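Keep in mind the model is a prediction, meaning the values are calculated, not measured.
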Amino acid sequence: MSLIKGQSNAKSELEKVRQKQKDNKAHIQSVREKYGGSRGSRNRQTVSKLEEDERLLERQEAHLEEKTNCFHRCLVIFRPFEVVIGVAFQLLTLLIFLSLLLTNIDKALHGKGYKLGYALPKRTLPNPIDIVLVFCQKVFPLDYILFTAVVMYLIFCSMSGVRNIGIWFFWLKMYKIRPRRTRPQGILMLCMILMFIILAINIVVYQLTPQYSMYGSQMFKAPHNTTVLNKTSIIYKLEHCSLDSSRDDCVITRMALLLNRFFYKMWFFGAAYYWATWIFLGFMVLGFLVAVIKKRKSAIDGEVDEDDFDESDEEMIHA
């Protein structure tokens, strides 16, 4: 949504910042004239707060002036490509959402229940990403490319979310993730969060592409009884391998085998992952609505904050 909406105009933002500077200076002057030489603690705090706002506005002005140079103006020609990429990512997100939703509905209707971790013996409902990956497995290495693209997209989306939100401990914001300004402790926390993300993606991929993750495009000949002219005969049809088939020529992947045994033996974790997926889908809908309603990002979003050092700003601007 950020790619589709784009950023606010740097020139108009610069004008607003300069107007705020004028108002802030006028406010400081009026406070000093009103109280004169009074040294009350409240007056000092008021003036100190206004001076901090003045320094923040000066840093914002410097960054916005940097954004209005000829180089950044020329970047406007890439704006249509940003919109196209944003729409493509939005469609991929929709496919991921539909695939997870259909898999969860399939588990609710045809799964083995919570006592067996909602294990799905055979895919019944259509799953867009799963169907495409199984089909592309016939053309090596097309399925690997698509599968890697989906996994990397999930990782980059997760990292983008952590960067935008920051690292929190309940309601307390601990660290901000910004280029060349993240504290070492924040980077360590980010690495730890990334490890948990990779661990969670293993389960998400299994639920996102159940058939591809378990058997891929493997097929077997299944016998079917047919009656023609009061004579019963057996014909063989090719069917995709599944947990119900129990065939020796169907080889399940090691990861899927490990997860299925884990869910069978400890059903609580399988049920927890199942309901966690529903929560994840709910947050996807909520996040989409927030992204649609939310206004455009500032042209210097994440570059200037109140707790930044003035020296670091000067170093970056004059680098």
Side-chain angles (χ1 to χ4, degrees), residues 90-137 143 146-155 157-158 161 196-220 222 237-247 249-289:
Q90 198 70 267
L91 293 175
L92 180 57
T93 303
L94 178 61
L95 285 177
I96 292 173
F97 178 83
L98 288 176
S99 297
L100 288 174
L101 179 64
L102 290 170
T103 299
N104 259 26
I105 294 175
D106 206 0
K107 285 186 174 185
L109 297 177
H110 308 103
K112 292 295 184 180
Y114 70 94
K115 286 294 184 181
L116 292 176
Y118 290 97
L120 185 64
K122 185 178 181 180
R123 187 190 70 192
T124 305
L125 298 180
N127 185 323
I129 294 181
D130 199 15
I131 293 172
V132 170
L133 286 174
V134 171
F135 179 78
C136 291
Q137 199 173 19
D143 63 316
L146 295 178
F147 184 77
T148 303
V150 171
V151 172
M152 294 304 297
Y153 179 69
L154 291 173
I155 293 174
C157 284
S158 303
F196 282 114
I197 288 172
I198 298 297
L199 182 63
I201 285 178
N202 287 328
I203 309 299
V204 171
V205 165
Y206 170 71
Q207 294 184 336
L208 183 65
T209 58
Q211 178 65 32
Y212 179 79
S213 301
M214 286 193 292
Y215 292 101
S217 60
Q218 296 181 67
M219 305 185 77
F220 70 99
K237 295 181 180 179
L238 288 176
E239 292 185 0
H240 285 284
C241 292
S242 63
L243 292 176
D244 281 345
S245 59
S246 300
R247 302 276 299 188
D249 49 350
C250 290
V251 181
I252 190 172
T253 59
R254 298 301 93 185
M255 187 63 189
L257 179 63
L258 174 64
L259 288 175
N260 277 286
R261 285 183 175 178
F262 183 68
F263 292 160
Y264 279 134
K265 298 294 183 180
M266 305 182 70
W267 62 269
F268 173 79
F269 290 99
Y273 280 124
Y274 169 77
W275 289 108
T277 303
W278 281 114
I279 296 173
F280 176 65
L281 292 173
F283 273 104
M284 285 184 71
V285 175
L286 181 62
F288 175 75
L289 294 177

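Only one option out of Asn202, Ile203, Thr253 pairs with Leu259 in a side-chain contact (heavy atoms from CB on, under 4.5 Å); it is Ile203.
Among residues two or more places apart in sequence or in another chain, the side-chain contact (heavy atoms from CB on, under 4.5 Å) test is passed with Phe283 by Ile279, Leu286. With sequence neighbours left out, Asp130 forms a salt bridge (charged side-chain N to carboxylate O under 4.0 Å, His left out) with Arg123. Judged as a side-chain contact (heavy atoms from CB on, under 4.5 Å), and not counting sequence neighbours, the contacts of Arg254 are Val251, Ile252, Leu257. With sequence neighbours left out, the ring pair (Phe, Tyr, Trp, His ring centres under 6.0 Å) criterion links Tyr153 to Phe89. Phe280 is linked by a ring pair (Phe, Tyr, Trp, His ring centres under 6.0 Å) to nothing, counting only residues two or more places apart in sequence or in another chain.
Residues Tyr215 and Val134 are not in side-chain contact: their nearest non-hydrogen atoms beyond the backbone lie 4.5 Å or more apart.
To the nearest 0.5 Å, atoms CD (Gln211) and CD (Gln137) are separated by 9.5 Å. Within the model, atoms OG1 of Thr148 and CG of Asp143 stand 9.0 Å from one another, a figure rounded to the nearest 0.5 Å. In this structure, CE in Met284 is found 6.0 Å from OG1 in Thr93, a value given to the nearest 0.5 Å. Ile155 contributes atom CD1, which lies 8.5 Å from atom CD1 of Ile197 (distance to the nearest 0.5 angstrom). Within the model, atoms CZ of Phe135 and CG of Leu146 stand 11.5 Å from one another, a figure rounded to the nearest 0.5 Å.
Residue Ala256 comes nearest to Tyr206 through the heavy atom pair CB-CE1, 4.3 Å, listed as atom of the first residue, atom of the second, then distance.
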Sequence neighbours left out, cut at 3.5 Å: what donor-acceptor pairs do the side chains of residues 98-108 make with other protein atoms?
{"residue": "Ser99", "atom": "OG", "partner": "Leu95", "partner atom": "O", "Å": "2.9"}
{"residue": "Ser99", "atom": "OG", "partner": "Asn127", "partner atom": "OD1", "Å": "2.9"}
{"residue": "Ser99", "atom": "OG", "partner": "Ile129", "partner atom": "N", "Å": "3.4"}
{"residue": "Thr103", "atom": "OG1", "partner": "Ser99", "partner atom": "O", "Å": "2.9"}
{"residue": "Thr103", "atom": "OG1", "partner": "Asn127", "partner atom": "ND2", "Å": "2.8"}
{"residue": "Thr103", "atom": "OG1", "partner": "Gln207", "partner atom": "O", "Å": "3.0"}
{"residue": "Asn104", "atom": "ND2", "partner": "Tyr274", "partner atom": "O", "Å": "3.4"}
{"residue": "Asp106", "atom": "OD1", "partner": "His110", "partner atom": "ND1", "Å": "2.7"}
{"residue": "Asp106", "atom": "OD2", "partner": "Thr124", "partner atom": "N", "Å": "2.8"}
{"residue": "Asp106", "atom": "OD2", "partner": "Leu125", "partner atom": "N", "Å": "3.2"}

Go through the steps for Phe147 and Tyr212 under the test ring-ring contact (aromatic ring centres under 6.0 Å, His included), then give the verdict. CA-CA 10 Å; Phe147 184 77; Tyr212 179 79; 5.6 Å; yes
